[in-house]
Amino acid sequence: MPDTPDPEHQIWNNRVNEALKHITGVDEAAARQILNEIVVKGDEVHWEDIAGLEQAKTSLKETVVYPFLRPDLFKGLREPARGMLLFGPPGTGKTMLARAVATESQSTFFSISASSLTSKYLGESEKLVRALFALARALAPSIIFVDEIDSLLSARNDTGEHEASRRIKTEFLVKWSDLAHAAAGRDHKDGDDAQRVLVLAATNLPWAIDEAARRRFVRRQYIPLPESETRLKHLKTLLKYQTHGLNEKDIEKLVNMTDGFSGSDITALAKDAAMGPLRSLGEALLFTPREQIRPVQFIDFEASLKTIRPSVSKEGLEAFEEWALKYGSSGA
Ligand code: ATP
């Protein structure tokens, strides 16, 4: 029986074909590569999947989601920012936030890293950057999400900078500025596509970003380590789908014991603890029926805490806080 394409897929294909017809001066192979490798579809993240980070969520709603959904209200002084940076220690939910923004603002999500734009063929990388921005405009509203932006837009370095990476960086900054100029142009129509493209970037090394690039991120949002309330929510979410014997008091204790842990440290801890009941079976694991496996207990967490330690040091954290004070707006 022939496959019937699902309607959503069909709508997407039509949009892409229409977009490809209208963009000019872009290499078709590069555009196809961007569409295949860089546009993320499916696998949605929603606000409620992310524990805590309320201030960051509010800021992202104001900066991106509302302007994308109601472009008619966000003009003139309310014109949306063209760039937003999420910075902070690793594993605190920056990538999750970016994906949630794309889902909630119904945007096309372009997810790139320096390596996805780097080509060993001379001139190919610039073509990819041009195709990226042209497609983002043609498929607006769009979010261009750059993970580890520091490696794409690192501070200029006279000695060691590789010619190819310098060229990608220059092309990226030029195309990004074009976007801002087009969006600021007096003659733009309502809902003009350049109005609804945002470069959203994440980094664990905000100080390594080129100054010119830093200026373009009008909003710089610090994503700190989770506070106790956030850790509590996160732990409860993780335990929701697991049979366990932890009571409220045990969970409270865990919240205190995980001070200094990032979101991904907490996920790693819960995953390790969930292995406890299986570990205690040893070889019997192979023939024990599922319903006879004991629930996860507090002792499993205690055992896992011996090996799963916070990945961010105190000194590391201070560096972020200092940078946030100087250049960022902070908020959990
Ligand atoms: P990196 O800087 O290392 O790329 P990141 O800040 O982008 O990290 P994510 O990739 O968003 O972090 O998060 C890593 C994992 O940690 C997620 O897949 C999720 O399991 C967990 N996590 C982190 N923060 C949260 C949170 N606030 N709520 C729920 N899960 C979280």
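Both counts, for ligands and for their atoms, begin at 1 and track the order of listing.
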N/O donor-acceptor pair under 3.5 Å between [X] side chain and [Y] backbone:
{"X": "R99", "Y": "T95", "answer": "no"}
{"X": "S107", "Y": "F109", "answer": "no"}
{"X": "K94", "Y": "D147", "answer": "no"}
{"X": "D49", "Y": "V45", "answer": "no"}
{"X": "D300", "Y": "Q297", "answer": "yes"}

Element-labelled atoms of ligand 1 that are located less than 4.0 Å from some non-hydrogen atom of D49: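 Once the distances to D49 are compared, the set is 29 (C).
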
Considering only heavy atoms of N204, which atoms of ligand 1 have at least one such atom less than 4.0 Å away? 2 (O)

Where on [X] is there a heavy atom closer than 4.0 Å to ligand 1, on the side chain, on the backbone, on both, or on neither?
{"X": "T267", "value": "side chain"}
{"X": "H234", "value": "side chain"}
{"X": "I223", "value": "neither"}

Among G93, G88, G91, A202, which one has a heavy atom closest to atom 3 (O) of ligand 1?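 Looking at heavy atoms only, G91 sits closest to atom 3 (O) of ligand 1.
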
Among protein heavy atoms, which sits nearest to [atom], and what does the distance come to when rounded to 0.1 Å?
{"atom": "atom 19 (C) of ligand 1", "result": "M96 SD, 3.7 Å"}
{"atom": "atom 15 (C) of ligand 1", "result": "S264 CB, 3.7 Å"}
{"atom": "atom 26 (C) of ligand 1", "result": "A51 N, 3.7 Å"}

Taking only Lys NZ, Arg NE, NH1 and NH2, and the carboxylate oxygens of Asp or Glu, determine whether K169 and D210 approach each other closer than 4.0 Å.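 A salt bridge links K169 with D210.
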
Taking 4.0 angstrom as the limit, do E248 and K236 come out as a salt bridge?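 Between K236 and E248 there is a salt bridge, with a charged N closer than 4.0 Å to a carboxylate O.
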
Within-cutoff protein neighbour (heavy atom, under 4.0 Å) for atom 7 (O) of ligand 1: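 Given the 4.0 Å cut-off, atom 7 (O) of ligand 1 counts as touching protein heavy atoms.
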
Can you check whether T230 has an N/O within less than 3.5 Å of an N/O in ligand 1? no

Distance alone, cut at 3.5 Å: any donor-acceptor contact between the side chains of R294 and T243? no

